[in-house]
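Right, one structure below, let's go through it.
Keep in mind that the numbers below use all heavy atoms, side chains included, and drop hydrogens, waters and symmetry copies.
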Amino acid sequence: HGWRPTTTSRVRAPNDGSAPSLAAVRAARPTRATIRSSRDPHVIAMAMTNGTMFFAEREAEMNVAAIVCLMIGVVCLVPACVS
């Protein structure tokens with residue numbers, strides 16, 4: 001009986017915080033299970049980002065808004081510099 005790598009399968013729980021269906025757990029056939037609390041920071045982060053764990057979206061939106069404001073400011077200064 002040689003070495004076998006550990007395999008994992010993920011069972012996605014519904015976003016409303018309820019437990020996954022028994023059929024989904026049985027289909028995954030887990031040999032080990034990790035139960036997470038709804039207060040677990042990992043679970044909260046997954047819920048906040050809709051499962052993507054991408055937090056930079058808000059920063060990217062703010063960067064775009066800053067660039068747009070800067071460009072509008074530059075355009076407004078052009079007539080003052082020309083005359």
Side-chain angles (χ1 to χ4, degrees):
H1 309 281
W3 176 82
R4 287 189 296 169
T6 303
T7 58
T8 60
S9 57
R10 179 172 288 187
V11 177
R12 297 242 181 234
N15 286 337
D16 62 2
S18 62
S21 69
L22 184 57
V25 174
R26 284 184 178 154
R29 297 181 182 201
T31 55
R32 287 187 327 182
T34 302
I35 308 298
R36 295 188 181 266
S37 166
S38 62
R39 287 180 257 152
D40 184 343
H42 181 74
V43 173
I44 293 169
M46 291 290 283
M48 288 174 58
T49 60
N50 293 325
T52 64
M53 296 296 280
F54 181 69
F55 290 96
E57 185 173 325
R58 177 82 174 131
E59 288 182 34
E61 289 173 1
M62 290 172 60
N63 287 340
V64 169
I67 291 170
V68 168
C69 289
L70 183 63
M71 296 302 289
I72 291 171
V74 168
V75 168
C76 291
L77 284 175
V78 169
C81 294
V82 173
S83 54

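- With side-chain heavy atoms closer than 4.5 Å counting as contact, directly or through intermediates, the hydrophobic cluster containing I67 also holds M71.
- Take A47 and apply the side chain to side chain contact (heavy atoms under 4.5 Å, CB included) test, not counting sequence neighbours, and it matches no residue.
- Applying the side chain to side chain contact (heavy atoms under 4.5 Å, CB included) test to E61 and every residue at least two apart in sequence or in another chain returns E57, R58.
- Through chains of ILVMFWY side-chain contacts below 4.5 Å, V68 is grouped with V64, I72.
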